[in-house]
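Every chain is numbered from 1, with letters handed out A, B, ... down the list of sequences.
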Amino acid sequence: MLDLSFLRKNFDHVQERLQVRGAAASLGRFQEVDQQRRAAVTEIENLKARRNALSAEVAKAKRAGEDADEPMQKSREIGRQIKNLEDNVKALDEALAEILHGVPNLPHESVPVGSEADNEETRRAGKQRDFDFKPQAHWDLAPELGILDFEQAAKITGARFAVYWNAGAKLERALMNFMLDVHTREHGYTEVLPPFVVNSASLFGTGQLPKFAEDLFKLENTDYWLVPTAEVPLTNLLGDNTIDINRLPIKLTAFTPCFRSEAGSYGRDVRGIIRQHQFQKVELVKFVLPENSYDELESLTRDAEDILDRLDLPYRTVVLATGDLGFSSAKTYDIEVWLPGMNEFKEISSCSNFESFQSRRAKIRYRDPAVKKGKSQLVHTLNGSGLAIGRTWVAIIENHQQKDGTVVIPQALRPYLDAERILPGGNLE
RNA sequence: GGAGAGGUGGCUGAGUGGUCGAAAGCAGCGGUUUGCUAAACCGUCGUAGGGGCAAUAACCUCUACCGAGGGUUCGAAUCCCUCCCUCUCCGCCA
């Protein structure tokens, strides 16, 4: 959410910045509604001031044992006027909120202008292997190895779910532990295990609601939703809070499953486990001082890339162009891992700086006693996948597959599996 | 699931219809004093929105906020209704 007074004072500038991300229309009738609302609010407040004065008169008269019919009569009349106006303001409030909640964040000036085609590669690392055989896609190789099964998942649940067997399940668990260990022991994140179910207020705080409800799973007859990402519980963990400046930056990491309805993506990534209704992820979230947030975005992205480096997985990092940015983000790096079986780079992490877009919604502030009389200010929030475990699983299977149909486990992961290789039949060796 | 007790500022906690944005204490901030640590004393101390005003400074002023939302009333922290949350006991359960 953008700052209301900033928006008022810099309307043309905001309009311009929204234009470059293809959201110029999102402001709608903002100015008109805002003006009407302010006029009505001022009128109500004036009436309330008069009513309060009259109430004081009533109180005074009654204490003195005098008659108070006249001010009571006047006050009652004003009360009626206020009631009428309040209905009007309520409607205008709702209209304004609807507009404001639907306006995406403004792109940072360093973000390339354009569409997805204008995303710019900022880094490339790891060596893409030369295969002396045709590498298989994971949706062929993994079921062949007996570590991944779609038919039984379809039976017990439905499409876009998978069952992991044997070494497949262990690999997923090993990746979870490996990622959490690296981030907590070496990158300075604090591990959290949050609820996998959140309420509407939390989803509003991070920006999924009200606009993207159709992407989520909601539990029937409740205000509960399955988390689409740990970003939601982690970011809202500090919601409605004023943080002491000495505690910043706060860096959190969590493992959670993530649930997404994938409405509107029916034709895409239908094979394999690239796009599932449930996948596991280790998430990184930071709360930082505004002046540091872009440095923090760089280091957060490095923290995510480090996992790929350690797993000998080739990748490239791209900065998303304005038109490809997510709703809440001011700047995003996508990390894309190389998948030789699928023969393409595939997003495995998305690292974003939301500036104050989320903290304004979720009310996450900090106080600096040295500045502005210690008035509280909004923190900047960031997050990124560190990493999506399912896609990392795919990357390991596809990149480290051997001609004989086995998969070599990367060195860094061996202590977690106590094995070097996945054999046909889904066993470890 | 059943019974009961509660939710008030950064914290503790008073307040059952008007003079309450809210006592008191603690913490914080500014100062005075004592040779240090520490203490004592004085002062100050919520948030948000609008207007004065051109200003994201100061000041003045109005409005709102005592878990959330409705209602009663000239007037609500206080009375009524609904919901949420916390605690205690019982039941059930991993």
### Message
Tell me which pairs pass salt bridge (charged side-chain N to carboxylate O under 4.0 Å, His left out) where either residue lies in residues 142-154 of chain A, with sequence neighbours left out.
### Response
none
### Summary
Checking N1-N3 plus N6-O4 or O6-N4 for Watson-Crick, or N1-O2 and O6-N3 for wobble, each under 3.5 Å, the partner of B:C93 is none
### Query
Which distance, rounded to the nearest 0.5 Å, do you find between the NE2 of A:H13 and the CG of A:L106?
7.0 Å
### Query
Rounded to the nearest Å, what distance is computed from the CD atom of residue A:Q35 to the P atom of nucleotide B:G51?
11 Å
### Message
Quick check: closest heavy atoms across A:D140 and A:P143, and the distance to 0.1 Å?
### Response
O-CD, 3.5 Å
### Query
Would you say the side-chain atoms of A:R29 pair up with the backbone N or O of A:A95, donor to acceptor, closer than 3.5 Å?
no
### Query
Does the B:G51 base have a donor-acceptor partner in the side chain of A:E45 within less than 3.5 Å?
no
### Message
Going by purine N1 to pyrimidine N3 plus the second Watson-Crick contact, or the G-U wobble pair, all under 3.5 Å, which nucleotide sits opposite B:A54?
### Response
none
### Query
Atom CZ of A:R391 and atom CD1 of A:I396: how far apart are they, to the nearest 0.5 Å?
15.0 Å
### Task
Would you sort out whether A:S55 and A:N52 count as a side chain to side chain donor-acceptor pair (under 3.5 Å), showing the intermediate values?
CA-CA 5 Å; A:S55 285; A:N52 286 346; 5.3 Å; no
### Summary
With the side chain defined as heavy atoms from C-beta on, A:R8 is closest, among B:G49, B:C62, B:G18, to B:G49
### Task
Could you please name the partner base of B:A40, counting Watson-Crick and G-U wobble pairs only when both distances are under 3.5 Å?
B:U32
### Query
Where the side chain of A:Y224 is concerned, which of B:G18, B:G75, B:C85 is the nearest nucleotide?
B:C85
### Query
Using a cut-off of less than 4.0 Å, is there contact between a side-chain N or O of A:K60 and OP1 or OP2 of B:G75?
no
### Query
Nearest of B:U72, B:G70, B:U56 to any side-chain atom of A:K90?
B:G70
### Message
Can you measure A:L378 atom CG to B:U47 atom P for me and round it to whole angstrom units?
### Response
14 Å
### Task
Would you classify A:V41 as touching base, sugar-phosphate or nothing, given that sugar-phosphate means primed atoms plus P, OP1 and OP2, and contacts are heavy atoms under 4.0 Å?
nothing
### Message
Suppose you measure atom C1' in B:U32 against the same atom in B:A57; what distance do you get, rounded to whole Å?
### Response
30 Å
## Note on the structure
Which of B:G50, B:U56, B:U72 is nearest the side chain of A:K9? It is B:U56
### Query
Taking atom C1' of B:A48 as reference, at what distance in whole Å does atom CG of A:D240 sit?
13 Å
### Summary
Taking B:G51, B:U72, B:G18 as options, the one with an atom nearest any side-chain atom of A:R38 is B:G51
### Message
Tell me the interatomic distance from A:I44, atom CD1, to B:A64, atom P, rounded to whole angstroms.
### Response
11 Å
## Note on the structure
Walking RNA chain B from its 5' end, the first of A:A49 and A:A56 to be reached, judged by nearest nucleotide, is A:A56
### Query
When the C1' atoms of B:A5 and B:G46 are considered, how many whole Å apart are they?
29 Å
### Message
Without decimals, in angstroms, what is the distance between A:E43 CD and B:U63 C1'?
### Response
14 Å
### Residues, nucleotides or ligands: over 12 heavy atoms within 6.0 Å of A:K251 NZ
yes
### Query
Start at the 5' end of RNA chain B and walk down; is the nucleotide closest to A:K48 or to A:A59 reached first?
A:A59
### Query
Taking the side chain of A:N52 as its heavy atoms from C-beta onward, which of B:A64, B:A48, B:G50 lies nearest to it?
B:A64
### Query
In residues 97-110 of chain A, what residues come within less than 4.0 Å of RNA chain B, judged by heavy atoms?
none
### Message
Mind checking if A:R80 touches a base, just sugar-phosphate, or nothing, with heavy atoms under 4.0 Å?
### Response
nothing
### All pairs passing ring pair (Phe, Tyr, Trp, His ring centres under 6.0 Å) where residues 83-102 of chain A contributes a residue, at least two apart
A:H101-A:F204
### Spacing of the P atoms in B:C41 and B:A58 (rounded, Å)
32 Å
#### Entry: B:U63 and B:U19, which share atom name P, separated by this distance in whole Å
13 Å
### Query
For B:A22, what is the paired nucleotide under Watson-Crick or G-U wobble rules, both distances under 3.5 Å?
none
### C1'-based separation of B:A40 from B:G52 [nearest Å]
44 Å
### Query
Looking only at atom C1', what distance separates B:G25 and B:G51, rounded to whole Å?
37 Å
### Task
Under a 3.5 Å limit for both distances, which nucleotide forms a Watson-Crick or G-U wobble pair with B:A68, could you say?
B:U82
### Message
Can you confirm if the aromatic rings of A:Y366 and A:F287 lie within a centre distance of less than 6.0 Å?
### Response
no
### Message
Roughly how many Å apart are B:C62 and B:G70, using the P atom of each and rounding to a whole number?
### Response
25 Å
### Query
What integer distance in Å separates A:L54:CG from B:U73:P?
18 Å
### Message
Tell me the interatomic distance from A:N46, atom CG, to B:A64, atom P, rounded to whole angstroms.
### Response
12 Å
## Note on the structure
Mate of B:G49 across any strand shown (Watson-Crick or G-U wobble, both atom pairs under 3.5 Å) is B:C62
### Task
Please give the nucleotide sitting opposite B:A14 as a Watson-Crick or G-U wobble pair, both distances under 3.5 Å, or none.
none
### Task
May I ask you to evaluate whether A:R76 reaches the phosphate of B:U73, defined as a side-chain N or O under 4.0 Å from OP1 or OP2?
no
#### Entry: Salt-bridge criterion met for A:K48 and A:E86 (N-O under 4.0 Å)
yes
## Note on the structure
Mate of B:U73 across any strand shown (Watson-Crick or G-U wobble, both atom pairs under 3.5 Å) is none
### Between B:G50 (C1') and A:L4 (CG): distance, integer Å
11 Å
### Message
Between B:U8 and B:A76, how far apart are the two C1' atoms, rounded to whole Å?
### Response
14 Å
